[in-house]
Amino acid sequence: MIEVFKTSVALENEAKRLIAVLDSHLLKHHINFDLEDCDKIMRVENRNGSVQTSLIESILDKEGYLCEVMPD
């Protein structure tokens, strides 16, 4: 499953740090950012099941960033 999030992450070094933080909570997930997109997209893929959207939003919120699931 893949979930796409709108974020307020603006810089590549911020994205890399957040990926490391998320990796420590989300095993076997693939995470990447498209910071050139106007919505600063973050994609999270879990090939083995669902993506824990509320956990991801909570982690980014605690780190000081906007993060919300994009509608399909």
Side-chain angles (χ1 to χ4, degrees):
M1 172 174 249
I2 299 175
E3 289 289 351
V4 179
F5 298 83
K6 175 181 179 177
T7 75
S8 63
V9 178
L11 302 173
E12 188 67 34
N13 64 336
E14 294 172 336
K16 288 179 182 179
R17 186 180 67 76
L18 289 170
I19 289 171
V21 170
L22 290 167
D23 279 345
S24 70
H25 294 278
L26 304 168
L27 302 177
K28 299 183 181 180
H29 285 63
H30 178 73
I31 305 164
N32 65 56
F33 282 85
D34 180 357
L35 300 180
E36 293 182 16
D37 185 276
C38 65
D39 289 322
K40 309 300 184 199
I41 297 295
M42 176 178 64
R43 291 179 190 86
V44 180
E45 178 180 6
N46 181 0
R47 293 185 183 173
N48 299 321
S50 65
V51 174
Q52 298 174 350
T53 57
S54 59
L55 175 61
I56 293 167
E57 289 172 334
S58 175
I59 291 169
L60 263 72
D61 181 60
K62 287 179 185 174
E63 294 291 327
Y65 297 94
L66 165 78
C67 178
E68 56 188 42
V69 175
M70 299 279 294
D72 290 335

Of all the heavy-atom pairs spanning E68 and E57, show the shortest one and how long it is. CA-OE2, 3.4 Å
If you define the side chain from C-beta out and look only at heavy atoms, does anything of I41 sit under 4.5 Å from F33? no
With side-chain contact (heavy atoms from CB on, under 4.5 Å) as the test, would you mind laying out the steps for V21 and E63 before giving the verdict? CA-CA 9 Å; V21 170; E63 294 291 327; 4.2 Å; yes
Any ion pair linking E45 and R47 (charged N to carboxylate O, less than 4.0 Å)? yes
Heavy atoms of H29 and V51 approach each other most closely as NE2-CA, 4.3 Å
Would you say the side chain of D34 lies within less than 4.5 Å of the side chain of D39, judging by non-hydrogen atoms? no
Looking only at heavy atoms, which two atoms of L35 and A10 are closest? And how far apart? CD1-O, 3.9 Å
With rounding to the nearest 0.5 angstrom, report the CG to CZ distance, L66 to F5. 11.5 Å
Point-to-point distance, once rounded to the nearest 0.5 Å, from CD1 of I19 to NE2 of H30: 8.0 Å
Please report the interatomic distance CD1(I31) to NZ(K16), rounded to the nearest 0.5 Å. 15.0 Å
So do the side chains of V44 and I56 get within less than 4.5 Å of each other, counting heavy atoms only? yes
Mind listing the closest non-hydrogen atom pair of C67 and M42 along with its distance? SG-CE, 4.0 Å
Is it true that a side-chain atom of N46 and a backbone atom of S50 form a donor plus acceptor pair closer than 3.5 Å? yes
From CA spacing to verdict: side-chain contact (heavy atoms from CB on, under 4.5 Å), L26, I59: CA-CA 11 Å; L26 304 168; I59 291 169; 5.5 Å; no
Determine whether V69 and E3 satisfy the following criterion, side-chain contact (heavy atoms from CB on, under 4.5 Å), listing intermediate values before the conclusion. CA-CA 7 Å; V69 175; E3 289 289 351; 3.6 Å; yes
I'd like to know if the side chain of T7 and the backbone of K40 have a donor-acceptor N/O pair within less than 3.5 Å. yes
Checking E14 against Y65 for the side-chain contact (heavy atoms from CB on, under 4.5 Å) test, could you report, in this order, the C-alpha distance in whole Å, the side-chain angles of both residues, the deciding distance, and whether it holds? CA-CA 10 Å; E14 294 172 336; Y65 297 94; 3.4 Å; yes
